[in-house]
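One structure below.
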Amino acid sequence: MPRLIVTRGADEGKQYNLNVPLVLIGRDPAARVRLLDTEISRRHAELVETSDGYRLRDLGSANGTFVNGRSVQDVLLRSGDRVQVGQTVLVIVAEGSRKSGASSLAEKINLVTGQVQGSLGGTVVSRLGETEGDKLLTRGGQGEGEWLRRALANLGVMYETATAISNIYELDKLLARLLELVFRSIDADRGCILLDEREVAGDPDPTAFTPRAVYWRGGLHGAPPPGIEAIHVSRTLIEHVLRRKEGVLVSDAKADERFQTAPSIVRSRVREILCVPLRGRDQTVGLLYLDTTRESSAMELLRPAQDSPSFQEDHLKLAMAMAHLAGLAVEENRHYQALIQAERLAAVGTAMASLSHHIKNILQGLQSGSDIVKMAAEDESWDTLKQGWRIVERNQKRIYDLVLDMLSYSKEREPSLELCDLGSVAQEAFQFMSQKAKDLGVAMSFEIGESHGMIMADPEAVHRIILNLLGNALDAVEPESGIVKLTVPAGTDPGKIELTVEDNGPGVPREKMEEIFKPFVSSKGNRGTGLGLPVSRKLAREHGGDLTLETGPEGQTRFRLVIPRTGQDRSEVTMAP
């Protein structure tokens with residue numbers, strides 16, 4: 001299903017599923033994609049479903065609609081397109097197209113089959129293994145002919161840049177790595193990458209650009225060498241690059257009349273400057289700044305004196321290409337973060353929707369019990385008071401269990417292992433649930449093998465698992481005719497111990513056997529939170545074991561709990577006889 005994800009603007013992180021033929025975008029309360037941006041019209045644009053996908057149509061908005069930086073009136077959207085309305089940017093993500101062109105393309109290609117007589121013969125002039133492309137790029141053409149060496153030298157840097165972009169997800173680490181690669185190809189003394197930190201890009205504003213990565217040649221890991229002063233980047237230069245939308249190469253900064261009024265250049269004794277924009281798909285997200293200095297004794301020790309310029313036009317072109325890759329990387333990183341935020345918001349929404357109804361029911365139960373207690377106090381009726389207080393206690397326990405499940409599921413914990421008898425833990429849980437089974441008229445039994453043995457486990461966690469399984473089984477069976485069976489069989493495997501809970505309820509369809517272990521999936525309606533089984537499986541896996549669901553020989557529902565006898569990674573523990 002296609003989605004629109006807000007990556008910039010007041011609604012950043014929100015996502016909208018496109019599952020209807022007509023989608024209105026705007027500030028109108030009836031809009032399916034309703035945005036809080038004050039610069040968009042009430043009925044700004046619409047998405048119309050066609051056989052090829054969704055078409056975006058502007059509805060005569062005051063500020064226009066833009067796709068990938070271009071003003072549009074009617075355009076077919078592709079996955080990854082960036083739609084800007086007002087100050088809000090949305091990305092369309094298509095999770096699988098509705099109409100594939102693979103079949104039509106296949107009709108144009110005929111794969112001829114037949115008997116090949118022998119191997120490919122003398123017509124093959126040369127062969128290369130499939131890994132040779134990577135080797136050629138990473139070694140920069142070393143050992144090859146002059147033409148190929150020159151062609152691969154800069155291409156190798158671009159290859160490493162692309163590799164860094166695809167493997168590094170932390171933005172600051174990525175920018176630092178890109179600067180390191182730039183210095184391998186361009187003979188600069190200092191350099192930095194500045195990013196536009198505004199939520200929504202506007203007119204060129206040098207004050208909005210802040211440094212996110214910096215590099216000094218000769219410094220340890222790119223840090224400034226001793227005695228080297230800070231980099232002074234000219235705002236005049238930044239404004240020139242942003243307004244002209246061009247990269248610049250300055251061979252003699254002090255003599256360039258454009259920068260005569262820039263004291264930062266004079267004060268820093270800058271010799272050459274190379275400054276290029278980090279252009280993404282549709283906007284400039286930052287700047288790459290490089291320079292060389294002169295009349296600096298500390299820096300002269302790091303590089304030999306030279307009369308010829310360090311920066312050539314080829315360096316400007318290479319820097320522009322690498323900066324474009326960096327710009328794309330910054331955009332993708334921001335979109336990735338927006339996607340994560342969207343998923344988090346979606347998860348929070350799902351959790352709140354699933355829990356709010358259940359919490360409301362608990363609060364209604366508490367209110368009912370409180371009303372009965374209040375009425376009993378007025379009438380001085382002890383029997384009514386006890387009845388109301390039982391309702392209050394029952395709902396208090398439901399709140400306690402809910403909070404405990406939420407805490408258990410939301411955080412990792414190390415089980416507090418101790419030597420315990422699983423049979424005794426199971427017996428205690430069985431006795432705890434016996435009264436509920438009796439009240440329901442359910443036949444509940446407990447069987448334990450003679451040599452089940454001891455186990456290294458957290459008895460409280462195991463007790464919670466068994467209580468949960470027994471409670472679910474009692475809720476699943478029919479009153480008066482239900483059968484629930486708790487079994488701790490005799491130990492047959494010296495490395496693990498198991499426990500099963502069976503019931504003769506309606507069972508679980510095979511296609512939903514794993515679904516029920518997902519959070520907030522419940523078959524109990526208002527009585528369940530959908531956290532019991534996920535928490536139980538999580539507790540079992542924290543012990544190094546597992547909780548699974550299977551079908552018994554007569555169609556019964558059977559939960560199987562398996563736990564290693566020595567606990568997770570506790571093989572050094574000596575078991576008692």
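Counting only residues at least two apart or in different chains, salt bridge (charged side-chain N to carboxylate O under 4.0 Å, His left out) contacts with residues 65-80 comprise R55-D74, R57-D74.
Counting only distance, with no hydrogens or angles, the side chain of Y215 and the backbone of L290 share no donor-acceptor pair below 3.5 Å. With hydrogens and angles disregarded, no donor-acceptor distance shorter than 3.5 Å links the side chain of T284 to the backbone of G286. The main-chain N or O of S61 is found under 3.5 Å from a side-chain atom of D58 such that the two form a donor-acceptor pair. Here the side chain of H324 pairs no donor or acceptor atom with the backbone of A321 at under 3.5 angstrom. Not one N or O on the side chain of N68 forms a donor-acceptor pair closer than 3.5 Å with the backbone of D81. Formation of a donor-acceptor pair under 3.5 Å by the H44 side chain with backbone atoms of S41 is found in this model. R190 places no side-chain N or O within 3.5 Å of a backbone atom of R217 that could act as its donor or acceptor partner.
Rounded to the nearest 0.5 angstrom, F209 CZ and Y289 OH are separated by 15.5 Å. Within the model, atoms CD1 of I186 and CD of E272 stand 11.5 Å from one another, a figure rounded to the nearest 0.5 Å. From E331, atom CD reaches atom CZ of R279 across 8.5 Å, with rounding to the nearest 0.5 Å. Within the model, atoms CG of L274 and OG1 of T292 stand 10.0 Å from one another, a figure rounded to the nearest 0.5 Å. Here the straight-line distance linking atom CG of L4 with atom CG of L90 works out to 5.5 Å at 0.5 Å rounding. Atom CG of L56 and atom CG of L76 lie 10.0 Å apart (nearest 0.5 Å).
Of all heavy-atom pairs between N19 and Y54, the closest is N-OH, 4.0 Å. Heavy atoms only, all atoms of each residue included: A45 and T65 are closest at CB-OG1, 4.0 Å. Taking both residues in full, the closest heavy atoms of G280 and L328 are given as C-CD2, 3.9 Å, listed atom of the first, atom of the second, then distance. The shortest non-hydrogen separation linking I516 to P534 is O-CD, 4.2 Å. Taking all atoms of both residues into account, the shortest heavy-atom contact from L179 to G191 is CD1-O, 4.0 Å. For L22 against E46, the heavy-atom pair with the smallest separation is CD1-OE1, 3.5 Å.
When side chains are defined from C-beta on, L195 counts as touching R334, because their heavy atoms get closer than 4.5 Å. Using a 4.5 Å heavy-atom threshold, the side chains of H240 and E246 count as touching. Under the 4.5 Å side-chain criterion, counting only non-hydrogen atoms from C-beta, L18 is in contact with I92. Considering only heavy atoms from C-beta on, L194 stays 4.5 Å or farther from T210 through its side chain. Proximity of L35 to V6: side-chain heavy atoms (C-beta onward) are separated by under 4.5 Å at one or more points.
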Quick one: do R541 and D546 satisfy salt bridge (Lys or Arg N to Asp or Glu O under 4.0 Å)? Show the steps, please.
CA-CA 5 Å; R541 290 179 173 177; D546 203 358; 3.0 Å; yes
Working note: L174 + N333, criterion side chain to side chain contact (heavy atoms under 4.5 Å, CB included); need CA distance, chi angles, decisive distance, verdict.
CA-CA 10 Å; L174 171 61; N333 183 272; 5.6 Å; no
Just do the side chain to side chain contact (heavy atoms under 4.5 Å, CB included) check on V330 and L175 with the steps written out, would you?
CA-CA 9 Å; V330 171; L175 297 178; 4.1 Å; yes
Checking side chain to side chain contact (heavy atoms under 4.5 Å, CB included) for the pair D314/L318: CA distance, chi angles, key distance, verdict?
CA-CA 6 Å; D314 286 346; L318 177 61; over 6 Å; no
Residue pair L249, H315: steps toward the side chain to side chain contact (heavy atoms under 4.5 Å, CB included) verdict
CA-CA 9 Å; L249 168 59; H315 294 135; over 6 Å; no
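With sequence neighbours excluded, the residues satisfying side-chain hydrogen bond (donor to acceptor under 3.5 Å, both in side chains) with Q15 are R3. For Y16, there are no ring pair (Phe, Tyr, Trp, His ring centres under 6.0 Å) partners at least two apart in sequence or on another chain. Applying the side-chain contact (heavy atoms from CB on, under 4.5 Å) test to P29 and every residue at least two apart in sequence or in another chain returns R34, R42. Partners of R43 according to the side-chain contact (heavy atoms from CB on, under 4.5 Å) rule, which considers only residues two or more places apart in sequence or in another chain, are L24, D28, L59. The side-chain hydrogen bond (donor to acceptor under 3.5 Å, both in side chains) search around E180 returns R177, not counting sequence neighbours.
A salt bridge between R235 and E239 is absent, with no side-chain N of the basic residue lying under 4.0 Å from a carboxylate O of the acidic one. Salt bridge status for D37 with R27: absent, with no side-chain N to carboxylate O gap under 4.0 Å.
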